[in-house]
Amino acid sequence: GFGHPGNQSSPSYGGYGFLALETMAPYGSLTEPFDPGMGCRSQGDQNGRISGIGGGAVKLVVTGDLELGGAIRAVGTIDNNVVRSGGTGGSIWIDARQISGEGTIDASGCPPSSFTSDQGVAVGSGGRIALYTKEPLALDRARISCNGAAYSGTSNGSKTKIGSAGTIYIKDATRANGRLVLKQAASVASANAVGSVVPLMGDVTLGGIELSGRVVLAVREGEKLTL
């Protein structure tokens, strides 16, 4: 992945990881994601062992149609032998005439099932996805995921710990500007979880924004969002 922060630092890519002692800064491009995800080092492990591993980076250029029957994944992982940290999602960038099918595209942080009961101090954000097509996207958006990692065990307090969602950018040739989709899965966007905060990352022109699952798009000082 992009790197591994120090002990108890939450890795961030498409959004912010859940705050531990320190949260790393998000990075990369909304529209042209090519960076791998960020990993992290185990809390309290001075030997530098890597616990969370960031998702990889995939760019797929298809001259015709992409009929998706399986899964394209760049998800974070965790080493259950080195506790308390999960990596962010990575990058998926697809350029095709059309994308359709019954498959899935996933650049989520380390999935909740990867954590054991004594883990979860640092949880990573989702990664970044960009989909470019000639015609309006045929793939059901429910099949596109960029969730933050989640932890809801009993250690380190009972509050659910959620990394921010990552970014999904969808652009087709019939529109001048693409749409930004920010969503956190309903299963992890619970009332007792900290909401996702996703920074804009510079000046961006968009054709629309879709938000769901307690996600906030942060336009910081010096940045410009044009709709």
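Bear in mind that the values here come from a model prediction, so they are computed numbers and not experimental data. Numbering of residues begins at 1 and proceeds along the displayed sequence.
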Any idea which heavy atoms bring [X] and [Y] closest together, and the distance?
X	Y	value
P33	T31	CD-C, 3.5 Å
P11	G39	CB-O, 3.7 Å
G56	A74	O-CB, 3.4 Å
A107	I129	CB-CG1, 3.7 Å

Please answer: with hydrophobic residues joined when any side-chain heavy atoms are less than 4.5 Å apart, are [X] and [Y] in the same cluster?
X	Y	answer
V61	F34	no
I94	I168	yes
I92	I99	yes
W93	V62	no
M201	V216	no

Between atom [atom1] of [X] and atom [atom2] of [Y], what is the distance when rounded to the nearest 0.5 Å?
X	Y	atom1	atom2	result
L180	L211	CG	CG	7.5 Å
M38	S12	CE	OG	6.5 Å
L60	L66	CG	CG	6.0 Å
R179	L131	CZ	CG	14.0 Å
C146	K183	SG	NZ	9.5 Å

Test side-chain contact (heavy atoms from CB on, under 4.5 Å) applied to [X] - qualifying residues, sequence neighbours left out:
X	value
A138	Q98, S100
T63	none
L68	I72, I105, L139

Using side-chain heavy atoms (C-beta onward) and a distance below 4.5 Å, is [X] in contact with [Y]?
X	Y	answer
Y13	P36	no
V181	I144	no
N177	L206	no

Output all residues satisfying side chain to side chain donor-acceptor pair (under 3.5 Å) with [X], sequence neighbours left out; order by chain, then residue number.
X	answer
R97	D65
D95	none
S145	none

Counting distance only, does the side-chain N/O of T88 pair as donor-acceptor with the main-chain N or O of G124 below 3.5 Å?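 Not a single qualifying donor-acceptor pair exists.
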
State whether the side chain of T226 and the backbone N or O of T205 hold a donor-acceptor pair below 3.5 Å, judged by distance alone.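 No; judged by distance alone, with no hydrogens or angles, the pair does not exist.
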
Per the salt bridge (charged side-chain N to carboxylate O under 4.0 Å, His left out) rule, what does the pair list look like for residues 218-227, sequence neighbours excluded?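 Applying salt bridge (charged side-chain N to carboxylate O under 4.0 Å, His left out) to every pair that reaches into residues 218-227, excluding sequence neighbours, yields R220-E223.
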
Mind jotting down which residue pairs meet the salt bridge (charged side-chain N to carboxylate O under 4.0 Å, His left out) criterion with at least one end in residues 141-150? Sequence neighbours excluded, please.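 Of all non-adjacent pairs touching residues 141-150, those that pass salt bridge (charged side-chain N to carboxylate O under 4.0 Å, His left out) are E102-R143, R141-E210.
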
Sort and list the pairs that fulfil side chain to side chain donor-acceptor pair (under 3.5 Å) and have at least one residue in residues 124-134, not counting sequence neighbours.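 As it turns out, the side chain to side chain donor-acceptor pair (under 3.5 Å) pairs with a partner in residues 124-134, which skip direct neighbours, are R128-T167.
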
